[in-house]
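Only one structure is covered here, and it is reproduced in the block below.
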Amino acid sequence: MTLPIAVLISGSGTNLDAIIRAIEAKRLDARITVVISNNPDAYGLERAKAHCLPYQVIDHGDYASREAFDAVLAEAIRESGAKAVILAGFMRILSPSFISAFSGNVLNIHPAILPSFAGANAQRQQADFGVRLAGCTVHFVDEKMDNGPIVIQAVVPAYPDDNGDTLGQRILEYEHRIYPQAIQWLAQGRLKIQGRKVVVANAGKAKALPENGVLINPPLEEGF
Ligand code: GRF
């Protein structure tokens, strides 16, 4: 059954774009009911307009507290008819009451192999630390930042001459592949949260991509 989703953004919206393309190509069985940005200048809003998607700006600066902002956000999501909330570069921490309202149906993407390098500027943190393996994670959102049960991770190489931008670009390419896949699993009802773990029903065994050795687990299915 087609999953109605709300996509929350704060910036350029390339993950939003990857999700839109996967839907348009009928690889992802979802429908975007609304794109919401807390930042009026987010370029991702242009992407929503270009694809004739409903969008809203809910500027956190207009609200006195996190709870007040989150209540308006939750109402807009509910009104749109969305059943799942997809955080795609959304740079706000959500309150426990928001999370519990959509419990088990909020996904986030983070540009690192969690639990390493949580928080902002993870790409730069990884490059500066000199890691040799970097990557990205899609996880369910709980009340702690970058902490909830993990759905899928991709590992990419990092090099001594990388900076946050070069490494970020390499990571982003795989964000755009694992996020639509994770949402498709959610749409198919194949994700089961068991404590800290996520079981993906009928997932394959991890194997490195033949073209470049990038490791994704669980592996991407056809079309992703
Ligand atoms: C991505 O790297 C995402 O992992 C992080 O913020 C960035 C957003 O990029 N949370 P975009 O707005 O999807 O282009």
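Atoms within each ligand, like the ligands themselves, are counted from 1 in listed order.
If you look at M91 next to ligand 1, there are no close heavy atoms at all, none under 4.0 Å.
Each of the atoms 2 (O) of ligand 1 lies under 4.0 Å from some heavy atom of Q123. If you number the atoms of ligand 1 from 1 as listed, the ones under 4.0 Å from a heavy atom of G89 come out as 6 (O), 8 (C), 10 (N).
Taking any N or O of N108, backbone or side chain, none lies under 3.5 Å from an N or O belonging to ligand 1. In terms of polar-atom proximity, defined here as any N/O pair under 3.5 Å, L16 makes no such contact with ligand 1.
Residue pairs meeting the salt bridge (charged side-chain N to carboxylate O under 4.0 Å, His left out) criterion with at least one partner in residues 123-139, sequence neighbours excluded, are absent.
Looking at S10 and N38, their side chains do bring a donor and an acceptor atom within 3.5 Å of each other.
The nearest heavy-atom contact from the protein to atom 9 (O) of ligand 1 is N15 ND2, 4.0 Å. When only non-hydrogen protein atoms are considered, atom 5 (C) of ligand 1 lies nearest to P111 CD, 3.9 Å. From the protein, the heavy atom lying nearest to atom 10 (N) of ligand 1 is I109 O, 3.3 Å. Regarding atom 1 (C) of ligand 1, its nearest protein heavy-atom neighbour is E175 OE1, 3.1 Å.
By the 4.5 Å heavy-atom criterion applied to side chains, L133 and L215 are not counted as neighbours.
Distance check: K83 NZ to R78 CZ gives 10.5 Å after rounding to the nearest 0.5 Å.
Take F102 and apply the ring-ring contact (aromatic ring centres under 6.0 Å, His included) test, not counting sequence neighbours, and it matches F98.
Counting only distance, with no hydrogens or angles, the side chain of H51 and the backbone of D17 share no donor-acceptor pair below 3.5 Å. One N or O on the side chain of D146 and one on the backbone of G119 form a donor-acceptor pair closer than 3.5 Å.
Assignment of G13 to the shell around ligand 1 is supported, since a heavy atom sits closer than 4.0 Å.
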